Amino acid sequence: MTNPTLRRQVINIYKELLNLGKEYPLGYQYFQTRLHKAFASQAGLRDDEDIKKGIERAKYVKKEVEALYYVKRYRTLRQRYAEN
């Protein structure tokens with residue numbers, strides 16, 4: 001049986017990533033499919049340390065996606081307000 005605390009953390013990070021995927025440039029469906037495959041491939045993990053490593057990897061991906069959005073927002077604002 002897995003640790004309920006870790007299970008809750010995995011579910012929360014999955015939900016957070018799904019929420020971030022709503023604005024993904026290639027579309028939500030593309031993001032959701034890839035995210036599901038990534039989490040499903042790790043579904044067999046039973047060791048707490050391996051699960052914690054997976055959670056850390058998911059947090060890293062979350063930061064990368066957020067950075068992608070910040071860059072996109074920055075470029076859009078820069079185009080709008082750049083002097084011509």
Side-chain angles (χ1 to χ4, degrees):
M1 185 118 228
T2 59
N3 185 340
T5 305
L6 289 178
R7 178 176 166 75
R8 175 59 42 203
Q9 288 177 355
V10 170
I11 292 170
N12 284 340
I13 195 74
Y14 183 79
K15 287 180 181 180
E16 289 172 11
L17 284 167
L18 269 181
N19 194 28
L20 280 176
K22 292 178 182 177
E23 300 296 322
Y24 198 71
L26 296 175
Y28 178 75
Q29 188 62 36
Y30 173 84
F31 187 87
Q32 189 271 337
T33 304
R34 299 279 306 263
L35 182 65
H36 180 75
K37 284 182 186 177
F39 272 75
S41 70
Q42 303 297 313
L45 295 180
R46 296 292 176 242
D47 184 39
D48 285 356
E49 289 304 314
D50 291 338
I51 294 171
K52 288 177 185 177
K53 287 179 186 175
I55 291 169
E56 291 304 315
R57 189 168 47 242
K59 287 179 181 178
Y60 175 78
V61 169
K62 179 183 169 192
K63 288 179 186 176
E64 290 293 317
V65 172
E66 287 173 341
L68 173 73
Y69 292 160
Y70 290 136
V71 168
K72 183 180 174 185
R73 185 181 308 151
Y74 170 77
R75 286 180 179 164
T76 301
L77 289 173
R78 188 170 174 206
Q79 281 181 343
R80 273 189 206 154
Y81 300 109
E83 293 182 34
N84 292 332

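From a predicted model like this one, the values you see are computed outputs, not experimental measurements.
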Query raised in the report: Can you name the residues that form a side-chain hydrogen bond (donor to acceptor under 3.5 Å, both in side chains) with Lys52, not counting sequence neighbours?
Result: none
Report task. Report the residues that fulfil salt bridge (charged side-chain N to carboxylate O under 4.0 Å, His left out) with Glu66, sequence neighbours left out, ordered by chain and then residue number. Result -> none
Query raised in the report: How would you list all residue pairs meeting salt bridge (Lys or Arg N to Asp or Glu O under 4.0 Å) that involve residues 22-38, not counting sequence neighbours?
Result: none
**Report entry** Residue pairs fulfilling ring-ring contact (aromatic ring centres under 6.0 Å, His included) with at least one residue in residues 10-34, sequence neighbours excluded
**Finding:** Tyr14-Phe39, Tyr24-Phe31
Query raised in the report: What residue pairs, at least two apart or across chains, pass ring-ring contact (aromatic ring centres under 6.0 Å, His included) with a residue in residues 44-76?
Result: none
Query raised in the report: Which atom pair, heavy atoms only, marks the closest approach of Ala38 to Ser41?
Result: O-OG, 2.8 Å
Report summary line: Of all heavy-atom pairs linking Ile55 and Gln9, the shortest is CD1-OE1, 3.3 Å
Query raised in the report: According to a 4.5 Å side-chain heavy-atom criterion applied to Ile, Leu, Val, Met, Phe, Trp and Tyr, with indirect links allowed, do Val71 and Leu20 form part of one hydrophobic cluster?
Result: no
Query raised in the report: Partners of Ile11 by side-chain contact (heavy atoms from CB on, under 4.5 Å), sequence neighbours excluded?
Result: Arg7, Arg8, Lys15
To the nearest 0.5 Å, how far apart are [atom1] in [X] and [atom2] in [Y]?
X     : Y     : atom1 : atom2 : result
Leu18 : Glu16 : CG    : CD    : 10.5 Å
Thr5  : Asp48 : OG1   : CG    : 9.5 Å
Asn19 : Lys62 : CG    : NZ    : 9.5 Å

